[in-house]
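Bear in mind the structure is a predicted one, so any value in this text is a computation, not a measurement. Just so it is clear: chains get the letters A, B, ... in the order the sequence lines come, proteins before strands, and each one is counted from 1.
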Protein chains: 2
Amino acid sequence: MNNAFISDEQTLDNAGIRVTAVRLMVWRQVRHGFSDAFSLADLEAALPTVDRSTLFRTLTTLTDAHLLHLIDDGTGSQKYCVCPEGDTHHCGGHVHFTCLTCHRTFCFTDIHIPVVPLPDGFEARETEYVVKGICSSCRKG
Amino acid sequence: MNNAFISDEQTLDNAGIRVTAVRLMVWRQVRHGFSDAFSLADLEAALPTVDRSTLFRTLTTLTDAHLLHLIDDGTGSQKYCVCPEGDTHHCGGHVHFTCLTCHRTFCFTDIHIPVVPLPDGFEARETEYVVKGICSSCRKG
DNA sequence: CCGTTTTCTGCAACCGGGTTGCACGCGCGG
DNA sequence: CCGCGCGTGCAACCCGGTTGCAGAAAACGG
């Protein structure tokens, strides 16, 4: 098989999860249908024939399989994002951007979060850096 | 009157809101009873005799009056924090810390958020910087 | 090829935080 | 003294997330 192009079926199979109709629909949607981070509600709207709890569990499955990662963008509703292919374990530590106009969330995977010194006694485990503003397509539009 | 000490009643009055029994209870609680950021649930637990929606509306009133400010700490549940007195309009732009053990959220008002360059076309309006880790009292304990 | 077992899916219900509608009550002003 | 407005309590709702359960579908083993 050709490594330069891996089919959606093979991606799921490689991740160690069973390939089912729903999972394939979900993966194709999130892989090709969304340009950036998405919520469960987005997925529901895109695939109205599939039950919400099934979508939820499918997202959990894909996240556990390191095909997606979870973003805590501070809106209270959790967002998912496709992990960069082949590098499924380095999804954290980068800056996120939430557009105040279109409410989309973007991963800036190449901008990493600057570290600030904390007061004595405070120990950092992970950091969220979320910029809210206007995204490039909303500014152009 | 003495500027060095303003009574709770006067604080509310100065902010332009009517002084009522509930508002006084709430203000005293958040002003003297909580050491850091708190949620509506915290307030409910501290003042069980007051109705939840009343507490919610009171918090909204106090926030509108710039006596409190809202923190988006990424947990999905919104937190409130007492604004530094006399400087009620500069509550944003600083680092927050959420303890993974005791789930308290702290305002580090003197640590301001470092700025990162964004890709072309993206315009920043506000930034959330939330560190998750272990707070000093949980580490000592 | 059939029966068993495991997994996946859909439906319904639940949960918690946030929010709103409505009615009562108190206080202030005419 | 009457009425209006604001504050409060109660109940209900909304929304996103989550779980229990039962039926369908896929894998497994003979």
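- Counting to the nearest Å, the P atom of D:dA27 and the CD1 atom of A:Ile17 are 13 Å from each other.
- With rounding to whole Å, B:Phe56 atom CZ is found 10 Å from C:dG17 atom C1'.
- Here D:dG9 is the nucleotide among D:dG9, C:dT9, D:dT19 with the atom lying nearest to any side-chain atom of B:Ser53.
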Between the protein and nucleotides 21-23 of chain D, are there any N/O to N/O pairs under 3.5 Å, and if so, what are the atom names and distances?
none

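- To the nearest angstrom, P of D:dG16 lies 18 Å from CD1 of A:Ile71.
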Are any protein N/O atoms closer than 3.5 Å to N/O atoms in nucleotides 26-30 of chain C? If there are, list each pair with its distance.
none

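- In this structure, the side chains of A:Ile17 and A:Leu62 come closer than 4.5 Å at one or more pairs of heavy atoms.
- In this structure, the CG atom of A:Asp13 is 11 Å from the P atom of D:dA27, given to the nearest Å.
- When the nucleotides C:dG18, D:dT8, C:dC8 are ranked by their closest atom to the side chain of B:Arg23, D:dT8 comes out on top.
- B:Thr105 and B:Lys79 share a donor-acceptor pair across their side chains, judged by distance under 3.5 Å alone.
- Residue B:Tyr80 contributes atom OH, which lies 10 Å from atom C1' of C:dG17 at whole-angstrom precision.
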Please tabulate, for side-chain N and O atoms in residues 134-141 of chain B, each donor-acceptor pair with protein atoms closer than 3.5 Å (sequence neighbours left out).
residue, atom, partner, partner atom, Å
B:Ser137, OG, B:Arg104, NH2, 2.8
B:Arg139, NE, A:Gly121, O, 3.1
B:Arg139, NH1, A:Glu123, OE1, 3.2

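- In this structure, A:Leu12 atom CG and C:dC8 atom C1' are separated by 14 Å, rounded to whole Å.
- The hydrophobic side chain of A:Ile71 is isolated, with no ILVMFWY side chain under 4.5 Å apart from it.
- Phosphate contact (OP1/OP2 of C:dT19, side-chain N/O of B:Gln78, threshold under 4.0 Å): present.
- A donor-acceptor contact shorter than 3.5 Å links the side chain of A:Asp42 to the backbone of A:Ser39.
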Which atom pairs, donor and acceptor, lie under 3.5 Å between side-chain atoms of residues 21-28 of chain B and protein residues at least two apart or in another chain?
residue, atom, partner, partner atom, Å
B:Arg23, NH1, B:Arg18, O, 3.1
B:Arg28, NE, B:Asp8, OD2, 3.1
B:Arg28, NH2, B:Glu9, OE2, 3.1

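- We find that CG of B:Leu55 is positioned 14 Å from C1' of C:dT19, with the value rounded to whole Å.
- Per the geometry, CZ belonging to A:Arg52 stands 17 Å off P belonging to D:dG20, to the nearest Å.
- Pairs passing the salt bridge (charged side-chain N to carboxylate O under 4.0 Å, His left out) check and including a residue from residues 108-119 of chain A, sequence neighbours excluded, do not occur.
- Remark: A:Tyr129 engages B:Tyr129 in a ring-ring contact (aromatic ring centres under 6.0 Å, His included) (not counting sequence neighbours).
- B:Phe34 is linked by a ring-ring contact (aromatic ring centres under 6.0 Å, His included) to B:Phe38, counting only residues two or more places apart in sequence or in another chain.
- The ring-ring contact (aromatic ring centres under 6.0 Å, His included) test applied to B:Phe122 returns A:Phe97, A:Phe106, A:Phe108, not counting sequence neighbours.
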Taking only distance into account, with no hydrogens and no angle test, what donor-acceptor pairs under 3.5 Å do side-chain atoms of residues 44-52 of chain A form with protein atoms, sequence neighbours excluded?
residue, atom, partner, partner atom, Å
A:Asp51, OD2, A:Ser53, N, 3.0
A:Asp51, OD2, A:Ser53, OG, 2.5

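- Note on residues 57-68 of chain A: no pairs pass salt bridge (charged side-chain N to carboxylate O under 4.0 Å, His left out), not counting sequence neighbours.
- Between A:Val19 and A:Ser77, the residue whose closest nucleotide on DNA chain D is further toward the 5' end is A:Ser77.
- Between A:Thr20 and C:dT9, a side-chain N or O to OP1/OP2 separation shorter than 4.0 Å is present.
- Within residues 40-51 of chain A, the residues approaching DNA chain C are A:Val50, A:Asp51, by heavy-atom distance under 4.0 Å.
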